[in-house]
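So the structure is just underneath, and the comments pick up after that.
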Amino acid sequence: MTAQEIRLCGLLLQEHFGEMVEKVGTHLLRSGAQNLRTIVQETNLSVDLVKKCLCVLVQHGACCFTSGRKGPGSPTEYRACCDRILRVLRYPRYIYTAKTLYGDTGELIIEELLQRGHMTMSSTVKTVADRLTQNMEEGHSMDYSEVSSTFSKLVETHFLQRCPPVGGAGTSGSAAPAAAPAAAAAPAAAVSVAPPTPESFPECYSVPHLSLIGRGKRQLVPENGEDQRNAKRAKMDTETHGDEGIYWQVNFERFHQHFRDQAIISAVANKLDQTSSEIVRTILRMSEVTTSATAACTKPLSANEIFRSLPASYNIPRHILDQYLTLLVDDPMEFVGKTGESGGGMFVVNLHRALANLARATIESIVQERFGSRSARIFRLLLRKRHLEQKQVEDFAMIPAKEAKDMLYTLLSHNLVQLQEIPKTPDFAPSRTFYLYTVNQLPTARMLLQNCYKTVANLIERRLFETKENKRLLEKSQRIEAILASLQASGAEPEQLSEVEEMISAPEKQQLDVLKLHVNKLDSAENQVDETVFVLESYVSSTSTS
Amino acid sequence: MAGKGRGVGAFTFNIEALGIGRGSMPEARVGPSPLYPNTDFKPVPLKVGEDEDYMLALKQEMRGAMQRLPHNIKAQSGRADVEKYTERYLKHRQMDDETWTPDWNLFPKELMPRTKKPRRKVTKNKKSGKGSSKEAADVLSKLDELEKKDDGNAEKSDDEPEKKTKNEEEEEIEEEEYEEEDLEEDNDYIESYFDNGEDFAADSDDNMDGEATY
């Protein structure tokens, strides 16, 4: 947990869950695993408040709890997960992907699950059906079965998964499935066991049999008096649908795999052409469920299988396909590799190498945009040739000595290039030592990743600052909009409406427009920096597993 | 140190060997780098398109939605005396569901709010267990004695069980009162009497700490 990550997590928690949760969350992030009493003492908040905050964090998977380190009798310890909190930045991308794959229904299902942390299938289906009905025309409503089928499709393709049941954590393990006791039955060892992943449970992706029949209800705009009655009625509406205790959560790893596949396909499309990208897309689609999240390559597929599974719109003859495959294998990007000759040739997509190449391209483009194309040339040269002396850099890059020196020193001061000393004599005398410039891709990627986190945190802070500066103006405009809406609803004349609109003067309107433009730009920038974060993060995590 | 005064810019080694002449050194730094340095290369403009606009809208909506959910725990702000005119027109009154109760099967039991209190009393009674009725009788008799003696300085040992039972009774009374207030609507009297719900927990914490030190 670096300082930048903690700062960013704090800002994200504050924006989405409030300041109290932010306090508890950042405290947990900074100090590792702690039990309830210590948290209460060190944050100076009341016990109830800390309990509520912890509940919210656990609900969203941002915090996990284990029984204490000193054995089964000690109090439960809570640990916050930095990665999970950083995912909040990517929520819009998840929802949009679900929309492109499964339409509005899928989009709303994912949105509901992201907002609530985890929910049962029945409550999700009901809420989504109600929301869809809300947007449909009068007299139409959404059937629960449609929503259920979309839900099942999402589970089949592993975008949703069941929450792992809690086997240990203080209570004697009872109804946990077979995998859990193996993990929870090592209490004697005082080492905290890593919590089992959701995938270690056999029932992770099985949809429960539900008895859920009905249609979405359209919610009428309630008056204040009705509000309470409706709320009471909702509380008493406790039908059971046969899936109590089975909670579903969004499977972020699967979404990440999807993003990674998309990145590879678009890279191939940019470098080669549309047909090759379709071929790669076919290979990736066929290996979706057979490849694990951390695999270095997909399972080998024969050219015959690829030919059979190409989409019907691409009528390329067999020998053209073979030529394309050869081209892909020979490409220096090494996205596709050949592992054998049977079946017309066995082909794999080299996932880790593809990620490394994508990260390298990202880093090169960052250097280019920051320092100019000649510095980028030097940088690329050093990436390829590993270690070069000062003189060699000038010669290979074909840049005059003085400018090359300047650029190298600038890159060195920004830590993008490192100096490696190779002594000729054991006393490291400068006149008898080789000084070689070098670039290490992995540490550079990590450093730029931290820069990205810092960038996003700065963007968020700037946006909060801008909204705070203009708070009075924003409130005024909200009030006027609300008045306008209520006037329109009660059928007012145009003169009244225009009178109300004139309550905001023209320069104020201009100020509001400028503010809106700034806030939109900052928000959009956050989304786009997150794309870079994704590429760099995937690369860093792929190297840690291989 | 020998180099000082005589040639401040002198190096300890032969500078020519590195391939750099004296004139081609970069400028010496005079202090920390500026906070907002001038950049020669301006950043690339943001991507604009349908996808980006949609994701922007999604992001802003999601932020607003999550701030309205009960997961968003707001700081306990003192309630204003007069409800502001603006608040009547702002439609943020539509909270989804005021209280959200998680499924306790997935959560550690210690995070449950307030049901701890009766359970604690039950365990306390169980602990004092068989002797409880006897103790109570003893305590009552002692109290009677004290009252008769009209002794201002009660002994500490007498104080202890006295305080314990008194606190338990107080807790009971407070709890009943609090439960009633929960169902009633907020009115100023209750507000000022119990600042917020946390006072109750704070009281019980004081009690716990008080017992521990004894």
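Please read these numbers as outputs of a predicted model, since none were measured by experiment. Protein chains get the first letters and strands the later ones, always in sequence-line order, with residue 1 at the start of each.
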Inset, instruction - Against chain A, work out which of B:Lys42, B:Gln67, B:Arg63 has the most heavy-atom pairs shorter than 4.5 Å and name it. - result: B:Arg63
Inset, instruction - Taking all non-hydrogen atoms of both residues into account, name the closest pair between B:Leu56 and A:Asp523 and its distance. - result: CD1-CB, 3.2 Å
Legend entry - Close side-chain approach of A:Asn520 and B:Gln60, heavy atoms under 4.5 Å: yes
Legend entry - Part of A:Gln528 within contact of chain B (heavy atom distance under 4.5 Å): side chain
Legend entry - Greatest number of heavy atom pairs closer than 4.5 Å to chain B - which of A:Gly18, A:Cys53, A:Cys55: A:Cys55
Legend entry - A:Phe434 CZ: over 12 foreign heavy atoms closer than 6.0 Å: no
Inset, instruction - Measure A:Arg90 against the heavy atoms of chain B and call it side chain, backbone, both or neither at under 4.5 Å. - result: neither
Legend entry - Most contacts with chain B, counted as non-hydrogen pairs under 4.5 angstrom, among A:Arg93, A:Glu22, A:Lys521, A:His60: A:His60
Legend entry - chain A contact via B:Asp53 - side chain, backbone, both or neither, heavy atoms under 4.5 Å: neither
Inset, instruction - With a 4.5 angstrom heavy-atom cut-off, could you sort out which part of A:Gln368 is near chain B: side chain, backbone, both or neither? - result: neither
Legend entry - Taking every non-hydrogen atom, the tightest pair across B:Tyr54 and A:Glu107: OH-OE2, 2.7 Å
Inset, instruction - To the nearest 0.5 Å, tell me how far B:Glu61 CD sits from A:Ile95 CD1. - result: 9.0 Å
Inset, instruction - Identify which of A:Glu526, A:Lys391, A:Glu389 forms the greatest number of heavy-atom pairs closer than 4.5 Å to chain B. - result: A:Glu526
Inset, instruction - Please report the shortest heavy-atom distance between A:Gln115 and B:Leu69, naming the atom on each side. - result: O-CD1, 3.6 Å
Inset, instruction - Please flag which part of A:Val56 lies under 4.5 Å from any non-hydrogen atom of chain B: side chain, backbone, both or neither. - result: both
Inset, instruction - Hey, could you give me the CD/CE distance between A:Glu15 and B:Met66, rounded to the nearest 0.5 Å? - result: 11.0 Å
Legend entry - Part of A:Tyr78 lying under 4.5 Å from any heavy atom of chain B: side chain
Legend entry - Minimum heavy-atom distance B:Lys59-A:Pro92, with the two atoms named: CB-CG, 3.6 Å
Legend entry - B:Lys47, B:Glu52, B:Met55 screened by side-chain contact (heavy atoms from CB on, under 4.5 Å) with A:Asn527, the one that passes: B:Met55
Inset, instruction - Might you point out which heavy atoms bring A:Tyr96 and B:Leu58 nearest each other, and give the distance in Å? - result: N-CD1, 3.9 Å
